[in-house]
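Quick notes on the structure that follows.
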Number of protein chains: 2
Amino acid sequence: MPQTARRARAAKAAKLQSAAFRRTRSDHSRELAEDYVELIADLIDERGLARGTDVAGRLGVANATVVKMLKRLQDAGLVTQEPYREINLTGEGWLLAENGRKRHRIVENFLLALGLSEETARIDSEGIEHHVSDETLKAMARFVARNS
Amino acid sequence: MPQTARRARAAKAAKLQSAAFRRTRSDHSRELAEDYVELIADLIDERGLARGTDVAGRLGVANATVVKMLKRLQDAGLVTQEPYREINLTGEGWLLAENGRKRHRIVENFLLALGLSEETARIDSEGIEHHVSDETLKAMARFVARNS
DNA sequence: GTAAGAGTTTAGCCTTTGCTAAACTTAATT
DNA sequence: AATTAAGTTTAGCAAAGGCTAAACTCTTAC
């Protein structure tokens with residue numbers, strides 16, 4: 001009877017699955033941080049500086065929410081800001097932002113290569129970006145390289 | 001009820017800004033519900049019934065958390081449960097679960113067709129599943145059909 | 001130099017999703 | 001029948017991420 005084996009397999013699968021879920025959940029905070037940092041980097045590149053209002057506007061969030069979040073990002077060493085002044089990224093912040101943008105670009109190009117509309121590629125890549133492992137990202141990059 | 005109104009107002013106000021960000025964020029609660037419902041369906045199919053402990057174990061979460069969540073899912077009309085008894089899905093719950101499993105299957109098969117390991121395909125599909133539009137899902141299904 | 005407008009911060013509140021510890025119920029064993 | 005083990009529920013707490021309203025600061029235009 002493969003009952004024991006089946007149970008063992010089930011247990012193993014359960015453990016792995018719960019790991020996957022836990023990973024997903026604990027990444028939420030990190031995802032948000034990445035969104036902020038990526039956006040701040042974009043704003044600095046686009047208009048020379050990033051202000052709270054701009055961030056709030058683009059994220060569709062209240063000013064006060066941004067203030068609170070920026071405090072956390074400062075504590076995390078990703079951002080610097082003096083009171084009533086514009087937002088800047090630390091070295092670590094820039095690294096994170098660059099990494100995020102790179103992932104974002106790959107995922108978006110991949111979706112385009114898959115034949116999706118620009119609109120869909122933009123929206124879906126935003127959602128997918130944070131959930132793609134390095135292995136998958138590499139496969140996407142390879143696919144884009146082969147199909148362009 | 002003021003929640004919905006507030007969100008609607010906020011959405012309208014920030015309409016020109018990034019819809020993708022807000023969509024991602026507001027979907028979190030829905031995603032969690034889908035994860036629960038999908039898992040409950042799996043448990044019922046696998047072992048004939050779903051208990052709180054099983055759900056807690058697979059999601060990597062405390063029992064009390066599951067209890068609280070189940071209350072919400074009951075309020076949402078997705079789940080039924082009598083005190084100290086096993087968990088059941090309503091008709092709507094089954095529909096949601098089936099839909100989730102279908103999406104899940106497509107994404108996972110797609111990642112496999114892309115050449116990823118089973119392990120990676122399983123983990124990444126879990127994260128990606130909820131962020132894929134119908135358009136993208138269709139493209140993934142097409143890809144799988146062509147490459148199998 | 002001051003007043004106005006734009007932008008920022010603070011204060012206080014809410015909901016969601018988590019946790020632990022303790023109480024309770026059900027089922028199983030003896 | 002009584003004890004115990006397994007599972008469930010309650011109570012109370014915390015952190016994250018939202019919000020509004022009101023206070024504050026900075027810059028710019030008079």
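Here is the naming used below: chain letters follow the sequence lines, and residue numbers restart at 1 for every chain. Keep in mind that the numbers below use all heavy atoms, side chains included, and drop hydrogens, waters and symmetry copies.
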> Is the shortest distance from a Lys or Arg side-chain nitrogen in A:E46 or A:R58 to a carboxylate oxygen in the other one below 4.0 Å?
Replying inline: yes

Residue set satisfying salt bridge (charged side-chain N to carboxylate O under 4.0 Å, His left out) with A:E38, at least two apart, ordered chain then number -> none

Is there a donor-acceptor contact under 3.5 Å from the side chain of B:N109 to the main chain of B:R105?
yes

Ordered by number, residues from residues 66-74 of chain B within less than 4.0 Å of DNA chain D (heavy atoms) are B:V67, B:K68, B:K71

Sorted by chain and residue number, the salt bridge (charged side-chain N to carboxylate O under 4.0 Å, His left out) partners of B:D134 (sequence neighbours excluded) come out as B:R103

Here the distance between atom P of C:dG5 and atom CG of A:N63, to the nearest Å, is 18 Å

Going by atom type alone, with no hydrogens or angles, which donor-acceptor pairs under 3.5 Å involve a side-chain atom of residues 65-80 of chain A and a protein atom two or more places apart or on another chain?
none

Review point. Hey, does A:E86 reach any base, or is it just sugar-phosphate, or nothing, if we go heavy atoms under 4.0 Å?
Key: nothing

Checklist line | Side-chain donor or acceptor of B:S148 paired with backbone N/O of B:A145 under 3.5 Å | finding: no

So, with a heavy-atom separation below 4.0 Å from DNA chain D, the residues of residues 46-53 of chain A are none

Can a salt bridge be assigned to the pair B:E34 and B:R30 using a cut-off of 4.0 Å between side-chain N and carboxylate O?
-> yes

Reading nucleotides 21-27 of chain D from 5' to 3' and marking B where a protein heavy atom lies under 4.0 Å of the base, S where only the sugar-phosphate is that close, and - otherwise, the string is ---BSSS

Partner of A:V107 under side-chain contact (heavy atoms from CB on, under 4.5 Å), picked from A:D124, A:T136, A:L137, is A:L137

Closest heavy-atom pair, A:N63 versus A:A56, reported as atoms and distance to 0.1 Å, is OD1-CB, 3.4 Å

Respond yes when some side-chain nitrogen or oxygen of B:S29 is under 4.0 Å from OP1 or OP2 of C:dT17, and no when none is.
-> yes

Between CG of A:L59 and P of D:dC19 the distance, given in whole Å, is 10 Å

Whole-Å distance, B:H28 NE2 to D:dA15 C1', equals 16 Å

Under 3.5 Å, side chain of B:E135 to main-chain N/O of B:A139, donor-acceptor pair present?
no

Here the distance between atom P of C:dT17 and atom CG of B:D75, to the nearest Å, is 13 Å

Does a salt bridge link A:R101 with A:E98, judged by any charged N lying under 4.0 Å from a carboxylate O?
-> yes

note: A:E31, atom CD; D:dA16, atom P; distance rounded to Å ~ 15 Å

B:R58 CZ to D:dG7 C1', in whole Å, measures 17 Å

Phosphate OP1/OP2 of C:dT9: any A:Q81 side-chain N/O under 4.0 Å: yes

